Amino acid sequence: MKTFAERVRAVVRKISKGKTMTYAQVARAAGRPRAARGVGAIMRSNYDERIPCHRVVRSDGKLGGYNRGGTGRKRTILKKEGVYEW
DNA sequence: ATAATGACGTGAT
DNA sequence: AATCACGCCATTA
């Protein structure tokens, strides 16, 4: 059975380099428009390198967290990938 | 199964 | 612009 978490991971894996999606958008793409927070919970508990979870940001323009190096690391990676919003 | 936790979002102060 | 209060929801204990 496909869990919500698996679908979320699938979505995030598709985000191209240099682009970003908000937690809300991911939630919507995964079929749960109101589960933005749930997406965060999944990302937090995900340690798979293959998933570019650093490309998922908050709707209010802030970065959101990162369990593998902190928000500082996240910002650095995004900048390196061409996301100059920050 | 229930309660606590928090990488969220929106609207009200 | 910054904070607060609430609702929402998957994960974890």
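The structure presented is a predicted model; accordingly, all values stated were derived computationally and were not measured. Lettering follows sequence order; numbering is per chain, from 1.
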**OP:** Ignoring backbone atoms, establish whether A:Ser45 has a side-chain N or O less than 4.0 Å from OP1 or OP2 of C:dT11.
**Re:**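 No.
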Quick one: [X] [atom1] to [N] [atom2], roughly how many Å, whole number?
X	N	atom1	atom2	result
A:Asn67	B:dG6	CG	P	14 Å
A:Arg58	C:dA2	CZ	C1'	13 Å
A:Ile42	B:dC8	CD1	C1'	12 Å
A:Asn46	C:dT12	CG	C1'	15 Å
A:Phe4	C:dT12	CZ	P	14 Å
A:Arg32	C:dC8	CZ	P	14 Å
A:Asp60	C:dT3	CG	P	12 Å
A:Leu63	B:dC8	CG	P	11 Å

**OP:** Check if the side chain of A:Tyr23 and the base of B:dA7 share a donor-acceptor pair of N or O atoms closer than 3.5 Å.
**Re:**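 Answer is yes: a donor-acceptor pair is held.
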Subject >> Donor-acceptor pair under 3.5 Å, A:Arg37 side chain vs B:dG6 base >> reply: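 Answer yes: a donor N or O sits under 3.5 Å from an acceptor.
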Subject >> Among C:dC9, B:dG6, B:dG9, the one nearest A:Arg44 by side-chain distance >> reply: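 The answer is B:dG6, which lies nearest to the side chain.
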Original post:
Among C:dC8, C:dT11, B:dA7, which nucleotide sits nearest the side chain of A:Ala41?
Top reply: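 So the side chain of A:Ala41 is nearest to C:dT11.
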Original post:
What is the nucleic acid contact for A:Arg34, judged by heavy atoms within less than 4.0 Å: base, sugar-phosphate only, or nothing?
Top reply: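 Since only primed, P, OP1 and OP2 atoms lie under 4.0 Å of A:Arg34, the category is sugar-phosphate.
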Original post:
Looking for any heavy atom pair under 4.0 Å, which part of the strands does A:Ala27 touch: base, sugar-phosphate only, or nothing?
Top reply: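 Answer is nothing: A:Ala27 stays at 4.0 Å or more from every strand.
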Does a side-chain heavy-atom distance below 4.5 Å link [X] with [Y]?
X	Y	answer
A:Arg68	A:His54	no
A:Met43	A:Tyr23	yes
A:Leu78	A:Leu63	yes
A:Arg34	A:Arg28	no

Original post:
In terms of hydrophobic clusters joined by side-chain contacts under 4.5 Å, are A:Val83 and A:Val56 together?
Top reply: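 In one cluster with A:Val83: A:Val56, no.
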